[in-house]
Each structure stands twice: as C-alpha cells, then as structure tokens.
Amino acid sequence: RIIATLPLEPDRRRVRPGPGTDQILVEAATAYCDLVMAVPPADRLSLVPTPGFPRSELDGQLRALLVDALRNVAWLPGADGADIHPARAEWLDLPASERLTTLLAQSGAFPGLLGPVRSHPALAELGVRRLSAAGLADRLLGVEQPPSWWWAVYEELGALVDTVPGLVEELGGLPVPLVDGRLVPGPATALLPDSDRLRVTELSLPGLHVVHPDAAHPLLARLGARRAHAADLLDHPAVLEAVERSVEDAEAGLDPAPLAEAVLELVAHAGPRHWLGALALPATDGLPTRADE
C-alpha cells in the first residue's frame with residue numbers, strides 16, 4: 001500500500017495531475033524497489049504489477065513507473081545466488097529444478113541465468129530473455145566441465161523428458177563428453193561401450209565418438225546414443241579407415257603401436273576381419289609393415 005499526501009481536485013474526488021503528483025509517484029516507485037528487495041527472492045516476481053493492474057489513469061501512471069524502476073535495478077534472483085539486472089537476465093523455459101540451474105550457473109556459460117522460475121508475463125515486459133531447451137543445448141557446446149558434471153546435468157534433464165512435450169527433439173544437439181577428452185554435439189553420433197577399458201576408446205579417431213563412462217547416462221540412449229559391443233567398435237567406419245591408412249600414418253611418423261594394440265584387443269573379443277591385413281604393425285627392423293606382409 002502507498003500512504004501519501006497527493007493534491008486533489010477541488011471536489012476532492014480525484015487526484016489532481018501535475019508536477020506534484022508526478023514527483024510523489026516517482027518517489028513511490030523508488031521505494032517500491034526497496035520493498036521488492038526486502039522479500040524472499042522466490043517471491044519477488046509476484047510483486048511486478050500485472051498488465052491488467054490499472055483501474056484509472058493514476059493507476060496506469062504508477063504501474064508504468066514501477067515497471068520502469070524495476071527494469072533499472074538488479075533484483076531478479078540469479079541461479080548463482082546474486083541479484084541480476086533484468087536487461088542481463090535470462091530464464092530457462094523448462095520446469096527446471098534448482099539443482100539444474102545451479103549446475104548451469106557453475107559452468108560459466110550462463111552468467112545471467114535466473115533460478116528456477118515458471119513462465120510469467122512480467123518476464124517479457126522486463127526484457128528478460130527466454131532460453132529454450134534447444135538454445136540450452138547449443139550454449140552447452142562451449143562448456144568445459146568434468147564428465148561427472150555432465151552426468152548430473154543429464155540426470156536433471158532426464159527427469160523432464162517424459163513430462164515436457166518435444167523435449168527429446170529439442171535436446172538433439174546436447175553435447176556429449178568423450179572418453180578421449182573431446183566434446184561433440186548430439187548423442188545420436190555417440191556410442192555407449194559395454195566396457196570402458198577397451199583401448200580403442202582412448203584413441204582420438206575422427207568419427208569414433210565413445211562416451212566417457214562417467215557421463216554415460218540413460219538419457220543419452222533416449223536421445224539416440226547406441227550401446228556398442230566390441231564387434232560394433234571393430235566394425236565402426238572410423239576404425240576401418242584408421243586401419244586402412246595406418247601404414248601411411250606410421251610412415252609419416254606416427255607410432256603404429258597404440259592403434260595396433262587397440263584393434264587386436266577388439267579382435268580378441270570379436271574375431272578377425274578380412275580387412276585387418278592393412279593394419280600397420282612394427283616389424284623387427286623397426287619399420288611399419290602391413291599385417292598381411
């Protein structure tokens with residue numbers, strides 16, 4: 001409530017417009033910002049006057065001043081615990097948990113992310129940007145975090161895929177950390193190995209996207225990642241291509257042993273293939289030689 005002395009019309013039934021009234025309303029709007037800051041962060045958005053608030057010209061003037069004042073101070077509760085200016089804020093358009101927004105804030109890629117909030121008409125009016133699930137996936141591509149962090153993010157998102165329509169499609173570009181240290185977009189290109197001890201998973205082969213075991217969450221399978229046995233890895237086009245060019249790579253100075261050991265380990269599990277003759281092996285004279293020679 002505002003308790004203030006306002007100039008009235010001669011019949012004392014209406015407030016008289018003019019500089020005096022304007023000054024009082026401006027001071028009231030400034031005081032209102034202090035009121036908003038005094039309530040718990042989770043309740044602050046409810047104090048933004050709704051578009052249907054004005055009942056008179058005076059009400060409309062006051063509401064415009066309140067919204068303008070709230071646009072120009074930092075008061076929105078950020079996911080990192082700090083108050084955020086509306087012009088620098090964004091809200092995640094998902095029924096997200098506090099844990100998810102906290103994890104995202106830790107990444108450094110979401111400096112203006114608000115804590116978990118639902119869609120509110122005041123957000124757009126204040127100039128707060130909307131972050132969609134697809135936008136979230138795109139932004140995560142530049143994040144450097146340990147695989148366990150990614151697993152925690154997948155855990156929070158996985159709890160939403162059955163309740164948010166279209167979320168599986170929107171998360172199609174969600175980044176995946178690989179066992180060789182790379183980060184690739186899209187679980188559909190990733191493999192979930194049955195064993196995380198196979199040496200081939202440690203090789204940075206273009207096109208071979210093996211998920212880091214600490215990030216191998218069931219959500220990735222929902223988003224298109226395939227579980228791969230040793231035979232699947234051995235028959236992967238990236239492994240075949242690496243074998244076919246292995247002699248050339250070795251002659252260029254690359255050590256052929258890591259690839260040879262990884263491929264032969266797969267053969268021990270999955271059996272031989274006719275194209276293995278091209279695999280470069282270190283000969284006794286120190287020169288790389290095709291396996292069939």
Side-chain angles (χ1 to χ4, degrees), residues 1-133 135-136 139 153 156 160 164:
R1 295 180 180 178
I2 294 177
I3 302 176
T5 302
L6 293 163
L8 301 178
E9 297 285 3
D11 61 5
R12 302 186 62 81
R13 297 182 63 184
R14 296 177 182 276
V15 173
R16 184 171 71 243
T21 297
D22 293 345
Q23 182 61 34
I24 291 173
L25 295 183
V26 167
E27 293 179 3
T30 302
Y32 194 78
C33 291
D34 295 334
L35 171 64
V36 170
M37 295 292 292
V39 303
D43 299 330
R44 291 177 184 173
L45 263 180
S46 64
L47 296 183
V48 180
T50 62
F53 168 75
R55 301 289 192 273
S56 68
E57 182 180 350
L58 180 69
D59 291 337
Q61 183 182 356
L62 177 58
R63 178 184 180 276
L65 288 169
L66 293 178
V67 173
D68 186 64
L70 290 172
R71 284 195 188 106
N72 293 289
V73 294
W75 61 276
L76 287 169
D80 60 358
D83 292 330
I84 303 176
H85 194 288
R88 294 189 289 272
E90 61 182 355
W91 65 284
L92 180 60
D93 190 9
L94 284 175
S97 65
E98 184 174 353
R99 175 161 171 75
L100 176 58
T101 56
T102 300
L103 286 166
L104 297 177
Q106 290 173 355
S107 72
F110 305 87
L113 185 66
L114 299 182
V117 296
R118 294 299 184 102
S119 178
H120 194 287
L123 291 170
E125 187 170 21
L126 292 167
V128 180
R129 300 182 306 277
R130 170 183 173 271
L131 178 63
S132 66
L136 169 68
R139 188 89 61 84
V153 170
E156 297 301 316
L160 304 176
V164 179

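The shown structure was predicted, so the numbers you read here are calculated from the model rather than taken from an experiment. Heavy atoms only: backbone and side chains are in, while hydrogens, waters and symmetry mates are out.
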How close do G78 and I84 get, counting heavy atoms only, and between which atoms? CA-CD1, 3.4 Å
CG-CD distance between L100 and E98, expressed to the nearest 0.5 angstrom: 11.0 Å
Are E90 and R139 packed together at the side-chain level, in the sense that at least one heavy-atom pair is separated by less than 4.5 angstrom? yes
Heavy-atom nearest pair, G108 first then P111, reads O-CD, 4.2 Å
Scan the side chains in residues 64-71 for donor-acceptor partners under 3.5 Å anywhere in the protein, sequence neighbours excluded, and list what turns up.
from: R71; atom 1: NE; to: E125; atom 2: O; distance (Å): 3.0
from: R71; atom 1: NH2; to: E125; atom 2: O; distance (Å): 3.0

For A82 and D80, the nearest pair of non-hydrogen atoms, with its separation, is N-OD1, 3.1 Å
Table please: side-chain donor-acceptor pairs of residues 18-32 below 3.5 Å, with sequence neighbours left out.
from: T21; atom 1: OG1; to: R16; atom 2: O; distance (Å): 2.6
from: D22; atom 1: OD1; to: Q61; atom 2: NE2; distance (Å): 2.6
from: Q23; atom 1: NE2; to: E27; atom 2: OE2; distance (Å): 3.1
from: T30; atom 1: OG1; to: V26; atom 2: O; distance (Å): 3.2
from: Y32; atom 1: OH; to: L47; atom 2: O; distance (Å): 2.5

Intermediate values then yes/no, side-chain contact (heavy atoms from CB on, under 4.5 Å), V36 and V48: CA-CA 9 Å; V36 170; V48 180; over 6 Å; no
What do the steps show when you test L58 against R14 for side-chain contact (heavy atoms from CB on, under 4.5 Å), and what is the final call? CA-CA 9 Å; L58 180 69; R14 296 177 182 276; over 6 Å; no
Side-chain contact test, heavy atoms from C-beta onward, threshold under 4.5 Å: evaluate it for H85 versus L76 and give yes or no. no
Shortest non-hydrogen pair, W75 vs R44, comes out as O-NH1, 2.8 Å
How close do T102 and A79 get, heavy atom to heavy atom, and via which atoms? OG1-O, 4.1 Å
Here the side-chain hydrogen bond (donor to acceptor under 3.5 Å, both in side chains) pairs for residues 3-13, sequence neighbours left out, are none
Step by step, would you call W91 with L113 a side-chain contact (heavy atoms from CB on, under 4.5 Å)? CA-CA 6 Å; W91 65 284; L113 185 66; 6.0 Å; no
Could you tell me if the side chain of F110 sits less than 4.5 Å from the side chain of T101, heavy atoms only? no
Search all heavy atoms of S132 against all heavy atoms of L92 and return the closest pair with its distance. O-CD1, 4.3 Å
When rounded to the nearest 0.5 Å, the distance separating OG of S97 from CG of L160 is 7.5 Å
Evaluate side-chain contact (heavy atoms from CB on, under 4.5 Å) for L131 paired with D93, printing each intermediate quantity in order. CA-CA 6 Å; L131 178 63; D93 190 9; over 6 Å; no
